[in-house]
Amino acid sequence: MSDYKIAFYIRLSINDKRIESNSIENQRLLLQRYVENMECQNIKILEFVDNGYSGTNFERPAIQELLELVRVYQIDCIIVKDFSRFGRNLLQTGYFLEQVFPLYHVRFISINENYDSDEAKNNTGGISVTLQFLRNEYYSRDLSEKSKSVKYSKMQKGEYISKNCRYGYKKGNNTLEIDEPAANIVKFIFQLALQGNNYTKIAKELYNKKIVTPDIYKKHKRKCKTSEVYNPYIWSLSTIQRILSDEQYIGTYIMRKTVTKELGERSVKREQKDWIKIPNHHKAIIEKDVFEQVQKQFSHLKIESKKERKFILKGKVYCGYCFHTMDRRSYKNPIFLCRHSKVDTTFPCHNLTILEKELEEIVFQMISKQIEIILSGNLSSFNVQTAQKAELQKQKNLYYKKKQILYEQYIKGKMTEERFIKINLELTKELEPIQNKLEEIDFQLQCSQRRNLFQNQIEKIVENNFHSLTQELVDFFIDRINIFKDNRIEIRWKIQNFM
């Protein structure tokens, strides 16, 4: 007997973190206790957690992973603490409950609302649940607006202090307090800059003195594990640049530098005119005249030289040894290089480079090979499977007809009960492999449909231009590219198991 696959779906938004009962641990415990009382055998539990995501839409990684398994018939039941965990939007959530889950034979249980789709006949639970959804939706919008309003008001007064303070400071009582160990490093960096050292030389000096990066420093303070870090003493040049240009070190309060349109999305930088800036807000680490002198010294390295450049492999190229992104240098023959290990000649990726043109050619060849494999797939298999299903359905209908005739003979008294039970059991046993084969072909047809759809997408991409690497090809196929010595590369594909 196959496993009965139950999916726990747990969601925690930023606002939910203030409510203890909504914590991930409490949600998990509630779901586990519920399953202990279910009358099911061979249960297999799968857990999906979205931590820090809004329920107002379904653009959440864990819910997307769960829905993908639903689409391939790998989930039998979904259990949530309440409807709002799954989604706060009535129309979207109702669509899944009334259209999608019944289609894929998925049972849905919401514990707090005492809702079970097996008992509710696949509707959303009537007027009481509809009203609960509307309350959830209103609550979500109202809470979000109130929270933003209070936060913005505090920012304007300089009273809002983020837990994630700038390196060199720590959170105090409605203000920023100096974190002496980190502040001394900030002073040291400014001192090195005043001595005429550029970003690379400063990074080298910090490495030689074995000073850990800001990220590692904060993790040590929180007693977090840092075993995955390749080397804790290698400072990125962008980190040094940010420190040397940050006005917060002269006592200026700065907020609203970025905006996030939707929880879970990447933040976007605001224009400086939209920032909140309050001078002389907190204790300065760096004197104003020292700060201004450093700005003049590095003025030729300001962001003007780092204008947005459009190149196909942007953000995709990583060092295969230290796993940091590789920089693109616009020489006559542009290259990608790993500058992260520049301060240590013993690193395997020291001075690791690859020509952009060569990399694009290699990537194009590898994508071309994958496309060749995909498009050479047997598209006729779908027709064969459809024909097999039709034949098996005929056989199944024939057995049902035999069972119907058998039952009619029994009702008319032309057959004893003992003989009826015996023959009916024999017909059921003969029908079982046909039914199993039908289910198998149904699954294969689902896979074939998805594969055919995928092939159609590929055909549309390559039908117009397939002579060189394009942005569309890169975005569709590639998650990241790891570079090693001797131009050896490793591609992490967005889509695994192409066929």
Side-chain angles (χ1 to χ4, degrees), residues 61 64 199-200 203 228-231 234-242 258 265-269 301 303-343 347-375 454-455 457-499:
Q64 289 299 320
Y199 299 144
T200 302
E228 294 181 4
V229 177
Y230 186 73
N231 191 305
I234 297 179
W235 288 59
S236 70
L237 304 191
S238 58
T239 299
I240 295 169
Q241 188 271 335
R242 279 196 299 271
T258 61
E265 288 185 5
R266 194 173 180 179
S267 58
V268 180
K269 197 166 185 177
L301 295 176
I303 299 302
E304 291 88 69
S305 64
K306 294 186 73 178
K307 289 180 181 177
E308 191 77 9
R309 296 185 180 93
K310 297 291 182 183
F311 54 94
I312 292 174
L313 296 175
K314 179 180 180 180
K316 301 284 185 180
V317 186
Y318 290 78
C319 172
Y321 300 100
C322 68
F323 311 119
H324 290 88
T325 52
M326 294 180 69
D327 285 351
R328 180 185 182 274
R329 293 291 171 87
S330 300
Y331 301 139
K332 184 177 180 181
N333 294 311
I335 65 168
F336 286 97
L337 79 158
C338 178
R339 69 178 185 184
H340 194 72
S341 58
K342 195 171 182 179
V343 294
F347 277 28
C349 53
H350 182 70
N351 287 336
L352 176 67
T353 63
I354 186 169
L355 283 168
E356 181 183 47
K357 186 177 180 181
E358 286 186 13
L359 178 59
E360 289 184 358
E361 287 174 356
I362 294 170
V363 171
F364 179 66
Q365 288 171 11
M366 294 179 76
I367 289 178
S368 300
K369 188 64 179 175
Q370 295 295 349
I371 289 175
E372 183 183 338
I373 293 170
I374 294 164
L375 297 184
F454 180 58
Q455 287 175 316
Q457 287 178 287
I458 298 299
E459 287 172 352
K460 285 179 182 178
I461 290 174
V462 303
E463 66 184 1
N464 296 324
N465 180 19
F466 191 53
H467 306 295
S468 61
L469 195 64
T470 64
Q471 191 68 61
E472 192 173 17
L473 283 172
V474 171
D475 292 342
F476 188 84
F477 281 100
I478 295 176
D479 178 36
R480 65 183 284 162
I481 304 166
N482 293 326
I483 307 297
F484 300 88
K485 289 180 178 177
D486 303 319
N487 284 5
R488 182 170 69 86
I489 77 169
E490 175 186 272
I491 293 181
R492 183 188 295 172
W493 304 100
K494 279 188 175 179
I495 304 163
Q496 301 297 323
N497 301 321
F498 289 100
M499 295 304 293

Exercise. To the nearest 0.5 Å, tell me how far F336 CZ sits from L313 CG.
Key: 5.0 Å
Quiz item: Which atom pair, heavy atoms only, marks the closest approach of Y321 to C349?
Solution: CD1-CB, 3.6 Å
Practice problem: Let me know which of I367, I362, I478 forms a side chain to side chain contact (heavy atoms under 4.5 Å, CB included) with L469. | Solution: I367
Quiz item: Hey, what do you get for OG1 (T325) to CD1 (I481), rounding to the nearest 0.5 Å?
Solution: 13.0 Å
Quiz item: Taking only residues two or more places apart in sequence or in another chain, which ones pass salt bridge (Lys or Arg N to Asp or Glu O under 4.0 Å) with D327?
Solution: R339
Quiz item: Once you round to the nearest 0.5 Å, how far does CD of E472 lie from CZ of F477?
Solution: 10.0 Å
Self-check item: From D479 atom CG to K316 atom NZ, the distance as rounded to the nearest 0.5 Å
Solution: 6.0 Å
Quiz prompt | Contact summary for I491 and M366, nearest pair of heavy atoms | solution = CD1-SD, 3.7 Å
Practice problem: Take T239 and R242 through the side chain to side chain contact (heavy atoms under 4.5 Å, CB included) test and state the conclusion after the steps. | Solution: CA-CA 5 Å; T239 299; R242 279 196 299 271; 3.4 Å; yes
Quiz prompt | Sidechain-backbone polar pair: K314 side chain, R328 backbone, donor-acceptor under 3.5 Å | solution = no
Quiz item: At what distance, to the nearest 0.5 angstrom, does CD of E356 lie from CD1 of I335?
Solution: 10.0 Å
Exercise. Quick one: pull up NE2 in H324 and OH in Y318 and give me the separation to the nearest 0.5 Å.
Key: 10.5 Å
Quiz item: Are V363 and E360 close enough that some pair of their side-chain heavy atoms sits under 4.5 Å apart?
Solution: no
Practice problem: Provide the closest heavy-atom pair for A203 versus L237 in the form atom of the first, atom of the second, distance. | Solution: CB-CD2, 3.9 Å
Practice problem: Search all heavy atoms of I312 against all heavy atoms of T470 and return the closest pair with its distance. | Solution: CG2-O, 3.9 Å
Self-check item: Where Y199 and I240 come nearest, the two heavy atoms and their spacing
Solution: O-CD1, 3.7 Å
Quiz prompt | I489 versus I483, closest heavy-atom pair with distance | solution = CG2-CD1, 3.6 Å
